[in-house]
Amino acid sequence: MKTIATILATASAASMLSLGAFAQDEEGSEANVENSETEVAGIKIADIPKKTPERLFHVLPYCRMLEGKGEVYRPGASEWAPIEEGKYYPLGTLYRTKGSDSRLRIMFGNEAEVDIEGEASFGTRALPLAEKRRVITLVGGTITVKLPRNLPEGMFVVSAPGFKVVNPAGDSRYTYSKTGDGDEARIRCVTGSLTVEGRHFKVLSMRAANEIRITTSQDMLFTGLYGSRGDVVTRLDQGRVLVKDFETGENKIEDKVLDWKLSPLTAVRIHRAMPALGEKMAVTVMTFEASGELKNRCAFTEKTVEVNSGELGPTSKKDRENLEKQAAEATETVAAEAPAEESPADSSASADSSDEL
């Protein structure tokens, strides 16, 4: 009987601790059990496994703070409606603030939030309730994303038509606007890090205070990358090439890339064209220095090793002038070293002199 009572007491204590940890898990924090010397039926509380959070985000985001005027556009709705503090909204909802003094905070988790202010708007992508990751889309204005610094990879994405920001950790700010022929986005890493991916390019890692600007044409055939603050490494596609394996003597196909340091005033321009037949794009990738001079240029067809120009020669005005100067100097050197030829007039004069002597 005493043994049964001991087992029941142990089970009850473990159940109470598990419920406490679960309640704290729902609030986004781990169970914090102190006093490791405390025992229940001979079992130390510190020896009971602590429950770790299984969900980084709430099932549904909710409005935590509203100042001024804010509105939501729910999936299936026909018009915008006023947003309410403390209310949960389904994934797939659009959020916006109206007026320069308006501010809105949407909570995705206890340590995950999106703030917008002024005339700004963003949306959430509709995902199954069991999906653990979250995706938001830029619509307009300036938004600030605040996430844990230790957020696992692939759990949060900021998307736009021409690119997506993956693995953001810490605070980041985005200013997005539609242009006459496409859109423009400014991406700034405030704290932590983030990575930007797009067709034919990838910004490997942006750190604190780094900022870049991305422009995309409406038909998605042009992408411009421009450095604003700090230096970031941008990996650019340069098509496929044949590489010889000297051990086997065989040629193998590899994807070639160029790592370009995107600094203030430098730029990358990617031009694309759809062929009359087929779906593989023709692509030209160019990099420009801060002075505006062309530095790199490569043209290729997607996933086709047979069509690849490789790195093309210098074509900027400065490079052409240098080549012309070098060619002129080489010509002058050859002319100076060559022996002087006697002209017919000189030969005649020499002959006359000889006759006089």
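In what follows, residues are counted from 1 in the order of the sequence shown.
- Side chains of Val72 and Leu94 form no contact here, defined as non-hydrogen atoms less than 4.5 Å apart.
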(Q) Between Ser172 and Tyr174, does the side chain to side chain donor-acceptor pair (under 3.5 Å) criterion hold? Intermediate values first, please. (A) CA-CA 7 Å; Ser172 53; Tyr174 310 86; 2.8 Å; yes

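- Residue Met281 holds its CE atom at 12.0 Å from NZ of Lys303, rounded to the nearest 0.5 Å.
- The distance from the CG atom of Asp255 to the CD1 atom of Ile253 is 9.0 Å, given to the nearest 0.5 Å.
- Residues Leu225 and Thr215 are not in side-chain contact: their nearest non-hydrogen atoms beyond the backbone lie 4.5 Å or more apart.
- Of the possible donor and acceptor atoms, one in the side chain of Thr179 sits under 3.5 Å from a partner among the backbone N and O of Gly182.
- Under a hydrophobic clustering in which Ile, Leu, Val, Met, Phe, Trp and Tyr are joined whenever their side-chain heavy atoms come within less than 4.5 Å, directly or via other members, Val158 and Ile214 fall into the same cluster.
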Q: Start with the C-alpha gap between Val203 and Phe163, add the side-chain angles, then the distance that decides, and say whether side-chain contact (heavy atoms from CB on, under 4.5 Å) holds.
A: CA-CA 10 Å; Val203 181; Phe163 64 89; over 6 Å; no

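- The aromatic rings of Phe108 and Phe156 sit perpendicular, their planes meeting at an angle over 60°, well past the 30° parallel limit.
- No side-chain N or O of Thr175 forms a donor-acceptor pair with one of Arg188 less than 3.5 Å apart.
- Residues Lys98 and Glu71 are in side-chain contact: their nearest non-hydrogen atoms beyond the backbone lie under 4.5 Å apart.
- Judged purely by atom type and a 3.5 angstrom limit, Thr266 has no side-chain atom pairing as donor or acceptor with the backbone of Phe288.
- Two residues are said to be in side-chain contact when any heavy atoms from C-beta on lie closer than 4.5 Å; Thr142 and Ile116 fail this criterion.
- Residues Pro161 and Met220 approach most closely at O-CE, 2.9 Å, considering heavy atoms.
- For the atom pair CD (Glu85) and CD (Glu67), the distance works out to 8.5 Å, reported to the nearest 0.5 Å.
- Ring centroids of Tyr62 and Tyr89 are separated by 6.0 Å or more, keeping the two rings apart.
- A donor-acceptor pair under 3.5 Å links the side-chain atoms of Arg272 to the main chain of Arg199, judged by distance alone.
- Contact detail for Pro61 and Leu91: the closest heavy-atom pair is CD-CD2, 3.7 Å.
- Shown here is Asp231, whose CG atom has more than 12 heavy atoms of other residues, nucleotides or ligands within 6.0 Å.
- Thr301 contributes no side-chain N or O that, together with a main-chain N or O of Val307, makes up a donor-acceptor pair within less than 3.5 Å.
- Salt-bridge formation is detected for the pair Glu254/Lys252: a Lys NZ or Arg NE/NH1/NH2 atom is positioned less than 4.0 Å from an Asp or Glu carboxylate oxygen.
- Heavy atoms of other residues, nucleotides or ligands lying less than 6.0 angstrom from CD of Gln218 number 12 at most.
- In the hydrophobic clustering of ILVMFWY residues, with side-chain heavy atoms under 4.5 Å counting as a link, Phe57 and Val157 come out apart.
- Note that CZ of Arg96 is 4.5 Å distant from CH2 of Trp80, once rounded to the nearest 0.5 Å.
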Q: Show your reasoning for whether side-chain contact (heavy atoms from CB on, under 4.5 Å) applies to Lys202 and Thr195.
A: CA-CA 8 Å; Lys202 180 178 181 179; Thr195 301; 3.7 Å; yes

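- Annotation for Ala160 and Leu138: closest pair CB-CD1, 4.4 Å, computed over non-hydrogen atoms.
- Cluster membership for Val165 and Ile270, using ILVMFWY side-chain heavy atoms within less than 4.5 angstrom, is shared.
- Nearest heavy atoms, Pro75 versus Thr93: CD-OG1, 3.5 Å.
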Q: Evaluate the salt bridge (charged side-chain N to carboxylate O under 4.0 Å, His left out) criterion for residues Asp115 and Arg103: first the C-alpha distance (whole Å), next the side-chain angles of each, then the deciding distance (0.1 Å), finally the verdict.
A: CA-CA 7 Å; Asp115 297 343; Arg103 296 178 58 200; 5.4 Å; no

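- From Arg134, atom CZ reaches atom CD1 of Ile136 across 12.0 Å, with rounding to the nearest 0.5 Å.
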Q: Assess whether side-chain contact (heavy atoms from CB on, under 4.5 Å) is satisfied between Ile212 and Ser228, documenting all intermediate values.
A: CA-CA 5 Å; Ile212 63 173; Ser228 297; 5.5 Å; no

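- Contact detail for His271 and Phe222: the closest heavy-atom pair is CE1-CD1, 3.6 Å.
- Contact check for Ile83 versus Leu104: side-chain heavy atoms found under the 4.5 Å cut-off.
- Atoms CZ and OG1, on Phe201 and Thr234 in that order, are 8.5 Å from each other to the nearest 0.5 Å.
- Asn308 contributes a side-chain N or O that, together with a main-chain N or O of Gly310, makes up a donor-acceptor pair within less than 3.5 Å.
- The side-chain heavy atoms of Pro152 and Leu56, taken from C-beta on, include a pair separated by under 4.5 Å.
- The aromatic rings of Phe300 and His200 stand perpendicular to each other, their planes meeting at an angle above 60°, with 30° marking the opposite boundary.
- Between the side chains of Asp181 and Ser217, no donor N or O sits under 3.5 Å from an acceptor N or O.
- With hydrogens and angles disregarded, no donor-acceptor distance shorter than 3.5 Å links the side chain of Thr287 to the backbone of Val268.
- A chain of hydrophobic side-chain contacts below 4.5 Å, direct or via other Ile, Leu, Val, Met, Phe, Trp or Tyr residues, connects Ile187 to Leu151.
- Figure legend: cation-pi geometry between Arg235 and Trp260 absent, as NZ or CZ is not positioned both under 6.0 Å from the six-membered ring centre and within 45° of its axis.
- Put simply, Leu236 and Leu221 are part of the same group of oily side chains (I, L, V, M, F, W, Y) that touch within less than 4.5 Å, one to the next.
- Judged by the 6.0 Å and 45° rule, Arg213 forms a cation-pi pair with Tyr226.
- Using a 4.5 Å heavy-atom cutoff, the side chains of His58 and Leu60 are not in contact.
- Looking only at distances, no side-chain donor or acceptor of Asn296 sits under 3.5 Å from a matching main-chain atom of Met286.
- Using a cutoff of 4.0 Å between basic side-chain nitrogens and carboxylate oxygens, Arg133 and Glu131 are scored as salt-bridged.
- For the pair Arg186 and Glu211, the salt-bridge criterion is met [side-chain N within less than 4.0 Å of a carboxylate O].
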**Q.** CA sep, side-chain torsions, deciding dist, call: Glu302, Val283, side-chain contact (heavy atoms from CB on, under 4.5 Å)
**A.** CA-CA 7 Å; Glu302 288 181 322; Val283 185; 4.1 Å; yes

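- Looking only at distances, no side-chain donor or acceptor of Arg105 sits under 3.5 Å from a matching main-chain atom of Cys63.
- For the pair Val232 and Leu204, the minimum side-chain heavy-atom distance is 4.5 Å or more.
- Using modelled atom types, one side-chain atom of Ser121 and one backbone atom of Tyr95 make a donor-acceptor pair closer than 3.5 Å.
- A donor-acceptor distance shorter than 3.5 angstrom exists from the side chain of Thr124 to the backbone of Gly92, with no hydrogens or angles considered.
- In terms of heavy atoms, Ser159 sits closest to Thr137 at OG-CG2, 3.1 Å.
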